[in-house]
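Every chain is numbered from 1 and lettered A, B, ... according to where its sequence line falls, protein lines coming before strand lines.
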2 protein chains.
Amino acid sequence: MGRDGKPTYDKILAESKALLFENGFSGTSIDQILQRTGITKGAFFYHFKTKSALAKALIEEYAKEDILHMNEALKKTKYLEGDALERLLQFIQEFVDMMSGLSEPYSCLYATYTYEPSQFDEETLRHISETILTWRKTMEQLIRDVLQDYDTKIEIDIQSLADHTVVIFEGAFVVSKALKGRDLTADHLKHLKNYFQLLFVRKTTED
Amino acid sequence: MGRDGKPTYDKILAESKALLFENGFSGTSIDQILQRTGITKGAFFYHFKTKSALAKALIEEYAKEDILHMNEALKKTKYLEGDALERLLQFIQEFVDMMSGLSEPYSCLYATYTYEPSQFDEETLRHISETILTWRKTMEQLIRDVLQDYDTKIEIDIQSLADHTVVIFEGAFVVSKALKGRDLTADHLKHLKNYFQLLFVRKTTED
DNA sequence: TTCAATACATACCAACTAGTCTGTTTAATT
DNA sequence: AATTAAACAGACTAGTTGGTATGTATTGAA
């Protein structure tokens, strides 16, 4: 009964996201979203009770896809479980490949929200931190696997090293966007890969 | 003649900056600034013709201090010019020390502006990119100095390696702020330092 | 074919927005 | 003491904001 609202809903999400990357969240008015989508106010507030509800839906979809990509890269590199370092390196390489050849700088919703935190409710912000913690958990495991067979040339804190991946993602996004050139994320992920490659040395079996 | 406006001017800049880190630029209203400073509208618009003028003044002051810090670190490590690698490492260490023991996550105006770019005029945004390019130039020189006496264990692009420092700064800011814990910048700068340390090997004098 | 729920359209509103205008206070100068 | 420019105070405005109220169109089910 009633017509299908899915296309409208999806259109709002897609165009809103694009607008957020140009104007930020407070800087994006609902009227602007209506203009870009060709949708009316009635339709918008039918799908989203408030502007905050849109923000929440946006971050949920975004984080879901993010974790999806992460898990896909995990899956793709599962065949390398034998050599944990090779697996870690290839895991990063998956994202190098993914981000290579992007013409425009990539923008991230986490940073968008993080730099105007008062605009969002606790739950929405927590969703971001929890997604980053999911990344931390995954990277920690990958690193721990490496440490079974490898030592580090320099003493490191595992959690901090685990976070370093997201740090480089987010930093590369900001710098690429600020410089308004091509996206530099792939380049900087390569440095992360280099770091991992240089940091670990295979344990000497003392026999 | 007339009273001294400097304290008022400075107060507006200081409180505005703090508000921007909470609400973003569009999310910060002039009325909010007036509340926080206890200043009136007349005073505000006496010092700043428009809200955009405030944005420009803010970024100019911020970038100036940023480059100042950079140059101070350069100066402090000048005594190590003899060993360029040691100098590079100590240069990073200066910022590790600077960012250590921060209780609150540090926020950066570059990222604030970069994630709502449509709110600022070309000149203001260019100021950011040019400041980042100043960092690039400085880091490039430090790295080139190292390459006089050192090879890299892995082939690298100098410009990209130069940018990596700002990338890690910005990324650490975003992640620290998103996780709402303590500031993690010092930790991640240490990883950068590790990377430099591992990447370079002294050239073998073939005699 | 009627029904009813979904999906949308549009006029409207109170609150807030950046910015203006006119006037007043302050304090060094003459 | 009078002057003058800088520094500020506060009422006002035109436009925009998120959100609402009420009505209409669409569509499958009965």
Side-chain angles (χ1 to χ4, degrees), chain A residues 1-20 22-59 112-113 116-125, chain B residues 1-20 22-59 112-113 116-125:
Chain A
M1 321 130 180
R3 50 188 140 166
D4 182 21
K6 190 81 195 320
T8 304
Y9 180 89
D10 290 342
K11 208 172 177 184
I12 294 174
L13 280 190
E15 294 299 327
S16 298
K17 195 169 77 175
L19 278 167
L20 282 201
E22 299 169 28
N23 315 322
F25 182 71
S26 322
T28 301
S29 69
I30 292 171
D31 282 336
Q32 267 177 290
I33 297 172
L34 303 185
Q35 267 197 355
R36 274 275 252 276
T37 52
I39 283 163
T40 62
K41 212 153 234 192
F44 179 89
F45 281 101
Y46 172 77
H47 289 287
F48 302 98
K49 209 177 173 187
T50 62
K51 200 188 174 193
S52 281
L54 168 66
K56 201 180 152 195
L58 269 173
I59 206 69
T112 304
Y113 284 34
E116 38 180 341
S118 74
Q119 314 296 331
F120 309 96
D121 50 43
E122 279 308 315
E123 201 186 339
T124 300
L125 293 177
Chain B
M1 319 132 180
R3 50 189 142 168
D4 183 21
K6 191 81 196 318
T8 304
Y9 180 88
D10 290 343
K11 208 172 177 185
I12 294 174
L13 280 190
E15 293 299 326
S16 298
K17 195 169 78 175
L19 278 167
L20 282 201
E22 298 169 28
N23 316 321
F25 183 71
S26 322
T28 301
S29 69
I30 292 170
D31 283 335
Q32 267 177 289
I33 296 172
L34 303 184
Q35 266 199 355
R36 274 276 252 275
T37 52
I39 283 163
T40 63
K41 212 150 235 192
F44 179 89
F45 281 102
Y46 173 77
H47 289 287
F48 302 97
K49 208 177 174 187
T50 62
K51 200 188 173 193
S52 281
L54 168 68
K56 201 182 152 194
L58 269 173
I59 206 71
T112 305
Y113 284 34
E116 38 180 343
S118 74
Q119 315 296 330
F120 308 96
D121 50 45
E122 278 307 315
E123 202 186 337
T124 300
L125 292 177

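- What you find for B:Thr50 and B:Phe45 is that their closest heavy atoms are CA-CE2, 4.3 Å.
- Protein atom CD of B:Gln35 is 15 Å distant from nucleotide atom C1' of D:dG10, rounded to whole Å.
- Nearest heavy-atom pair, B:Thr28 versus B:Gly24, reported as atom, atom and distance to 0.1 Å: OG1-O, 2.6 Å.
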Identify the pairs formed between an N or O of the protein and an N or O of nucleotides 13-17 of chain C at a distance under 3.5 Å, and give each distance.
none

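- Within residues 4-17 of chain A, no residue has a heavy atom under 4.0 Å from DNA chain D.
- Considering only side-chain atoms of B:Tyr46, the nucleotide from D:dA6, C:dT25, C:dC8 that sits closest is D:dA6.
- A cation-pi contact, defined as under 6.0 Å to the ring centre and within 45° of the axis, links B:Lys51 to B:Phe25.
- The listed nucleotides are D:dC8, C:dT20, D:dG18; the one nearest the side chain of B:Phe45 is C:dT20.
- Comment: A:Asp121 does not engage A:Lys56 in a salt bridge, judged by the lack of any side-chain N to carboxylate O separation of less than 4.0 angstrom.
- Nearest heavy atom pair, residue A:Tyr9 against residue A:Ala57, reads OH-CB, 3.8 Å.
- Salt bridge status for B:Arg36 with B:Glu22: present, with a side-chain N to carboxylate O gap under 4.0 Å.
- When all heavy atoms of A:Gln119 and A:Ser52 are compared, the closest pair comes out as O-OG, 4.4 Å.
- Rounded to an integer number of Å, the gap from CZ of A:Phe44 to P of D:dT20 is 12 Å.
- Heavy-atom distances under 4.0 Å link DNA chain D to no residue of residues 117-125 of chain B.
- Considering all non-hydrogen atoms of both residues, B:Asn23 and A:Ser118 come closest at OD1-OG, 2.6 Å.
- Taking side-chain N and O atoms only, B:His47 has no distance below 4.0 Å to OP1 or OP2 of D:dA6.
- Distance, B:Arg3 CZ to D:dA9 P: 6 Å, rounded to whole Å.
- A:Ser16 pairs with exactly one of A:Leu54, A:Ile30, A:Thr37 by the side-chain contact (heavy atoms from CB on, under 4.5 Å) rule, that one being A:Leu54.
- As rounded to whole Å, 15 Å separates atom P of D:dT16 from atom CG of A:Asn23.
- In plain terms, the two heavy atoms of A:Ile59 and A:Tyr113 that are nearest each other are CB-CE2, 3.7 Å.
- Here the CD-CD1 distance, from B:Glu15 to B:Ile33, works out to 9.5 Å after rounding to the nearest 0.5 Å.
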